[in-house]
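A quick note: this is a predicted structure, and the numbers were derived from the prediction, not measured. Note that the numbering runs from 1 along the sequence shown for the chain.
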Amino acid sequence: MIQSNSAGHAKAYFAEALNKEDYYLDDQELRGRMQGRLAERLGIDGPVNKEVFHHLCDNINPVTGQSLTPNTRENRITGYDISFSCPKSVSILHGLSNDDHILTAFQESVRQTMQDIERDSKTRVRKNGVYNDRDTGELIWSEFVHQTARPLDGSLPDPQLHAHCFVHNATWDEAEQKIKAARFTDTKRDMPYYQEMFFKRLSDKLMDGGYQVRRTDKSFEIDGVPQRVIDLFSKRSEEINRVAKEKGISDPDELSELGARTRARKQKGHSMAELKANWRQQIDALGPDDSGEGKRIVRHAFVLDKGALTPQICVDHAIGHGFERASVQSERRLLASAYRHSIGHQSVSLEQVTTAFQADNRLVHVEEKGRIVCTTKQVLSEEQGMVNLARQGQGKLKPLYDKAPDVKLDGQQADAVRHVLTTPHRVSIIRGAAGSGKTTLMKEAVDLIEKSGKTVTVVAPTAQASRGVLREEGFSEAQTVAQLLADPKMQQGLQGQVLWCDEAGLLGTKDMTALLEITTRQNARLILGGDTRQHSGVVRGDALRILNTVAGIKTAEVSRIYRQRGEDYRSAVEDLSKGDVAKGFETLDRMGAIETIDPLRPNDQLVNDYVDTIRKGKSALIVSPTHKQADSVTDAVRQKMQERGLLSKKEVSATRLNNLNLTEAERSDWRNFQAGQVILFNQNLPGIKRGSRWTVERSTEQGVTMQNEQGQSAPLPTVKSSHYDVYHKSDISLAKGDSVRITRNGFDQDKTRLDNGQTMDVVKVSKQGDVLLRNALSKVEYRLDKEFGHIAHNYCVTSHASQGKTTDEVFISLPASTFAATNAKQFYVSVSRGRDRVRIYTDDKEQLLVNASEMGDRQSAIELVSRKYKSTDLVQQRIRDDLNRSPAVKEKPKEVSKKPRLKDRNYEPGL
């Protein structure tokens, strides 16, 4: 869905489709049609008329000649181009077909989906003090169907059945009895929901026609069209991807706009009959494949029984997938996941999935800001269980010191140390901003706690934080939270003692609850150190923030920054740590930290500045929100370093394993597996050892078959999806001088332990692909063979990977293509990594501020079902008051029945 801010742009884009003579000279395009209830109201539905289209673009009512909507501004939004595209195999079969049965299925699927979008249409209401949106249910759009892709220069176009539905910026407001501008914000946000509805409808209609459908990572394909034929007719996609890679573009909207900017002119004079003949010649030129079908490369696929999928299984998948990493999800995001799961199963309809979803009594539906969002009763119960555990420990212990001893520190750090030494509560929190000296105060506090006669066990959620940062800072026995949870003897050692968890902001609800249960059972104290404004963990629940805001656990704040040496830089980070993004951004801009870049060459200036910095002997790191942009920057950095002699030109190619980060629900679905993927097991299973590596051989309805390094084959136990991870296998080039990081815990050839996140330098490579690494701080060396896999370059990383790192200078790559992944947490973490200097590279400073101001906090289930007041502080106080009530009190809070509105009749306030 691409916005058009110019009437001239919209007219020019569809100029060819509006020239009547083209319909008779060239049948690559079909005559456009104007559709929608508003078009019917105006009496202009039917074939698109050029004059009418231009009038609508100019905000003129084509019937009366007057203004269509009340306001006509120079920069008015003209409308939105919503594009629908068939999977390539569908386009190929349509291109070779002798009738229009596929075209009919496609157009009907487009029509039904556009009608769904129309039913959800809204307009703004800004009268008499009212400030909201009103449902309208009427739109007008011009549909243009094309049967070919834009050709590359010098070649004929490939088959590509697609449609552009240009939705004009107008809707009918029944209450005010007039045409007004439409409100498209929710439509754009829900585009993934409409997309999955479209693909489900189209796949079902094709299966009605006897085709066998297989789901893919992006949509679906039709069996019987080999991948090499699909690749043959994907020339345009390959060209767009090539240009996108060169320009560092990854955002879907940016990719769509790139497609529009790089399209060649449509070739005249080629009829569909001529193109079909050419396409058959291209297929014949491929020669026979190994299927025994001879030259009949595109062949009929027999319809197979794919097993008993039910609507409830689709809903179960959506719930399992959606709530693994979030406590609250949009209803439409969940439905999109359920619809997608049903693709390839004609017996399960959209309506059946929707009905099963709405009837599922595990879900709690809440109307919030005009949309429905969901949590589950289980998630809500988990959060309230965690909150109750923390509150039960308040005032239950004797303070370690009746009177605070002398503390070597001063200011906020001293206050934080005194707080944990004199509190009577089992749980205490120290929230420290990035660079505020949390480790320094931690050393002082631990020393005084031990002088009181207690032992302190130190843990952290990640190996990088525990075995890396903490051990380097003097906590030689620091372990991971996972190790503590798995070690009963270690838990026993906590009896009556103190557990200190650093980087606690990374803990999810389940692990935090487990720590609370252990310390309660062992009558121990739990000190949580972390920063709720930095990134939370991947798993569900921002536990530290919930304990502070909902449970009311008192927090000692440490906000004074020590890491940044420059006054302005330090001031900017302090503002960002407090959530004042606008003020921090203004300071960064004033000190010249924000660089404007050429959007067509987004990496050039950054790479030159970075290489100049490391040549001076300073430590440096580049941070970007997306993996794709990070990879693009890394390639450019390594090329520049080789040009300047900082990297050896002698390279070896080693294996790199990229974790696909599939949820358990995704890992249990055979359709998400492809030949060549690598399965790594985290737990022992019958016939499968923990740590063993297997490669996917094939994936069918009968299951996934894999093979280990010894050549043994076995079925993948998808019912045990929590016991393994799935990786994509690729290559990584390594040379002497490279900086790399370890991406998974493991061991080198000498059985020396390697921790996830550990950074090292490449000091030697061999012809066989073996690599010698050295830790720059400890000088310890490690030998890896070329198949180790869990290694990546360490030049540009995501802000998640950068958290916990400190460097002299930090460079932040933020082209517009990364804005979808940019928010206040990402911006704050990235900016705060440097000691001496930060430089930010962007091609849209104003929009960057808008995106960086989005807080990025994940809403908790408790906050969702309890929110009424706009003030967050009042909300949090109300929740704490509710939790103070006796469990026997079951009265329903009066405000819950108003807004937000609970849609679940089975919801029990006492959960």
Side-chain angles (χ1 to χ4, degrees), residues 12-33 47-48 50 83-110 142-165 202 206 209 211 221-222 224-242 259-260 262-289 293-300:
Y13 191 90
F14 293 103
E16 290 176 309
L18 292 167
N19 288 328
K20 291 183 179 180
E21 59 270 20
D22 277 357
Y23 301 127
Y24 307 103
L25 296 176
D26 187 347
D27 54 356
Q28 293 178 38
E29 297 176 356
L30 306 179
R31 186 161 192 174
R33 292 192 62 82
V48 175
K50 182 176 180 178
S83 59
F84 294 79
S85 189
C86 280
K88 182 58 71 172
S89 60
V90 178
S91 294
I92 292 169
L93 289 177
H94 168 65
L96 300 179
S97 176
N98 294 322
D99 59 35
D100 289 336
H101 67 284
I102 291 179
L103 175 63
T104 300
F106 170 70
Q107 289 185 292
E108 181 63 14
S109 300
V110 171
S142 303
E143 179 193 82
F144 303 97
V145 176
H146 309 268
Q147 302 181 77
T148 61
R150 287 283 169 176
L152 299 180
D153 289 334
S155 64
L156 292 179
D158 287 334
Q160 184 58 60
L161 181 59
H162 63 289
H164 291 275
C165 293
L202 180 58
L206 292 171
Y211 293 100
E221 297 290 356
I222 293 181
V225 183
Q227 187 61 45
R228 62 191 189 128
V229 177
I230 293 174
D231 295 340
L232 172 68
F233 292 119
S234 301
K235 305 180 189 72
R236 175 71 175 143
S237 297
E238 291 173 1
E239 174 68 8
I240 293 174
N241 290 336
R242 182 189 64 78
T262 59
R263 64 183 185 147
R265 287 188 60 81
K266 180 186 160 191
Q267 295 189 6
K268 306 292 185 180
H270 297 289
S271 68
M272 283 300 293
E274 292 172 325
L275 290 175
K276 288 182 179 183
N278 177 267
W279 295 334
R280 290 191 177 95
Q281 289 174 4
Q282 291 187 54
I283 293 175
D284 289 343
L286 286 178
D289 60 11
E293 291 282 333
K295 286 191 175 182
R296 190 166 169 242
I297 295 179
V298 179
R299 54 193 176 274
H300 177 71

Taking K276 for the side chain and S97 for the main chain, is one N or O donor matched with an acceptor at less than 3.5 Å? yes

Would you say P47 and R33 make side-chain contact, with heavy atoms under 4.5 Å? yes

Closest approach of S89 and I222, non-hydrogen atoms and distance? OG-N, 2.8 Å

Do R31 and V145 have side chains that get closer than 4.5 Å, going by heavy atoms? no

Any side-chain donor-acceptor pair under 3.5 Å between T148 and Q160? no

Rounding to 0.5 Å, atoms CG (L286) and CG (L232) come to a distance of 5.0 Å

Quick one: does Y211's side chain get under 4.5 Å of V90's, heavy atoms only? no

Closest approach of L202 to C86 (non-hydrogen atoms, all atoms of both residues): CD2-SG, 4.0 Å

For a side-chain contact (heavy atoms from CB on, under 4.5 Å) check, start with the C-alpha distance between Q227 and E221, then their side-chain angles and the critical distance, and finish with the verdict. CA-CA 10 Å; Q227 187 61 45; E221 297 290 356; 5.7 Å; no

When the ring planes of W279 and F233 are compared, do they come out parallel, tilted or perpendicular, using 30° and 60° as the limits? perpendicular

Closest approach of F84 to C165 (non-hydrogen atoms, all atoms of both residues): CE1-SG, 3.9 Å

Who pairs with H162 by ring pair (Phe, Tyr, Trp, His ring centres under 6.0 Å), at least two apart in sequence or on another chain? H146, H164

On a heavy-atom basis, which atom in P157 and which in A149 lie closest, and how many Å separate them? CB-O, 3.0 Å

With side chains defined as the heavy atoms from C-beta onward, is the minimum distance between L96 and I283 less than 4.5 Å? yes

What's the separation between atom CG in D158 and atom CD in Q282, rounded to the nearest 0.5 Å? 6.5 Å

Across all chains, not counting sequence neighbours, the side-chain contact (heavy atoms from CB on, under 4.5 Å) partners of Q281 are N278

Side chains of H101 and H94: does their closest heavy-atom pair fall under 4.5 Å? no

Would you confirm whether K88, through its side chain, and V229, through its main-chain N or O, come within 3.5 Å as a donor-acceptor pair? no

